[in-house]
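When a ligand or atom number is given, it counts from 1 through the structure's own listing order. No hydrogens, no waters, no symmetry mates; every other heavy atom, side chains included, goes into these values.
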Amino acid sequence: MSVDADVIPLARPVLGEEEERAVIEVLRSGQLSLGPRVPAFESAFAQRLGADHACAVSSGTAGLHLAVRAAGVRDGDEVVTTPFSFVSSANAPVFERARPVFADIDPRTLNLDPAAAAAAVTERTTALLPVHIFGYPADIPALERHGLPLVEDACEALGAVHADGVAVGGRGHPAAFGFYANKQLTTGEGGMLTLGSGEHKLAIDSERNQGRAPDMGWLDHDRLGFNYRLSDIACAIGLAQLDRLDAMLADRARVAGAYREALAGLAAERGLGLPCEDAGGDRRGWFVFVVQLPHDADRDGTIRALRELGVQSKPYLPAIHLMSFYRERFGHRPGEFPVCEDIAARSIALPFFPALSEGQIARVAEALGRVLG
Ligand SMILES: Cc1ncc(COP(=O)(O)O)c(C=O)c1O
């Protein structure tokens, strides 16, 4: 994203000499794909999260697709999920001709409300697909009580930890992470699935690689597959990023803390909604800093005015069920999921990345204060 020098951008990755060196090493090795960096990145990632297995994939969306398939979701099945997410969590079941059945969100965490999810389960439900939105742990233990397969969208949640100390993505359900450039860890594009099942690992390794079993010849394919591979170049960047992950997560947490302080006045006096604080032992892996504007604020006007003051922001996230594809395909209408619709209509993402300085945070807070009056 190219912006004027004095505009504070929404996101900026941390990349340095380690990533450069790692990429050059791969280029010099001549093995750009299907090489040793792939299993090395997978093992390091799995180990970090306490997961039994991991599969590197070309994107978070590719990971969600393969996870939905591994969960046994088929034509005509229903998958209970949240309407407040990036669109690909709902699209993944649709790729398999299943129906995403939305349930409303918890107004504090903005994650799937377990009671609403329970009410949406039918005899056709074959899986639940919670999303750890904005890096805050979804209530997986409550959703596990249905005894149905779970697929976790952890694309925004690297570094998040559940109340019992298990890392998000470490509970054994297929969990998809995304490595797009705004994420906690980036490989440019890319993703990782963490898994508890060795059988899933074998099936997914094959399906991401055109349906080829590991012991098969180059052009032998014994199942339907895709090209969802992650290159060795990307995995090398991922390994370098893993080495600096703790520092990047700590910086993100520092920025979030500074925002919370800088915006406390606007929250108290103007009704600005801030991201929920960690509670009950759950810990957020900071990905974005999304605020809900007061009900009387004009969101588009706010975003334009912030831009004029040198601050990038964007609406984040729109309600999935109100997108035209979902309205047309599944007949959704406004009013079905009131908590999600209210939050989605008022949310904006503010600039958020590890190197954001105290001065820039103060500028953002001051600009927002001026715009909201
Ligand atoms: C919640 C969520 N799910 C899925 C994705 C998709 O990840 P990718 O862009 O790597 O396909 C994203 C990425 O922005 C996301 O935020």
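- In the model, H132 has a side-chain atom that pairs as donor or acceptor with a side-chain atom of E152 under 3.5 Å.
- For E42 and H53, the side-chain atoms include no donor-acceptor pair closer than 3.5 Å.
- Of all the atoms in ligand 1, the ones that sit under 4.0 Å from a non-hydrogen atom of S85 are 1 (C).
- At the top of the distance list for atom 9 (O) of ligand 1, counting protein heavy atoms only, stands T61 OG1, 4.4 Å.
- Residue contacts with ligand 1 leave out S89, since none of its heavy atoms falls under 4.0 Å from the ligand.
- Taking 4.0 Å as the cut-off, G191 does not count as a neighbour of ligand 1 on heavy-atom distance.
- With a heavy-atom cut-off of 4.0 Å, D153 touches ligand 1 through its side chain alone.
- Residue-ligand proximity: K183 is placed with a non-hydrogen atom under 4.0 Å from ligand 1.
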Donor-acceptor pairs under 3.5 angstrom involving side-chain atoms of residues 139-146: please list them, not counting sequence neighbours.
| unit_1 | atom_1 | unit_2 | atom_2 | d |
| --- | --- | --- | --- | --- |
| D139 | OD1 | A142 | N | 3.2 |
| E144 | OE2 | H173 | NE2 | 2.7 |

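- In terms of polar-atom proximity, E189 is not counted as a contact of ligand 1, lacking any N or O under 3.5 Å from an N or O of the ligand.
- Side chains of N91 and Y326: a donor on one and an acceptor on the other come within 3.5 Å.
- The number of heavy atoms from other shown groups lying within 6.0 Å of CD (Q31) is above 12.
- At the top of the distance list for atom 16 (O) of ligand 1, counting protein heavy atoms only, stands E156 OE2, 2.6 Å.
- Judged purely by distance below 3.5 Å, without hydrogens or angles, the side chains of S58 and R229 never pair a donor atom with an acceptor atom.
- The contact set between ligand 1 and V131, taken as ligand atoms under 4.0 Å from a residue heavy atom, comprises 1 (C).
- Against a heavy-atom cut-off of under 4.0 Å, S59 is close to the following atoms of ligand 1: 10 (O), 11 (O).
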Run the side-chain contact (heavy atoms from CB on, under 4.5 Å) test on V255 and F289 for me, step by step, so that the C-alpha distance in whole Å, both residues' side-chain angles and the decisive distance to 0.1 Å come before the verdict. CA-CA 9 Å; V255 171; F289 201 89; over 6 Å; no
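- The residue from E341, Q292, H295 that alone fulfils the side-chain hydrogen bond (donor to acceptor under 3.5 Å, both in side chains) condition with R346 is H295.
- If you check which protein heavy atom lies closest to atom 4 (C) of ligand 1, you get S88 OG, 3.1 Å.
- The protein heavy-atom contact nearest to atom 12 (C) of ligand 1 is F86 CD2, 3.5 Å.
- Any N or O atom pair closer than 3.5 Å counts here, and G60 shares at least one such pair with ligand 1.
- In summary, the side chains of Y259 and R254 do not present any donor paired with an acceptor at a separation below 3.5 Å, with no hydrogens or angles considered.
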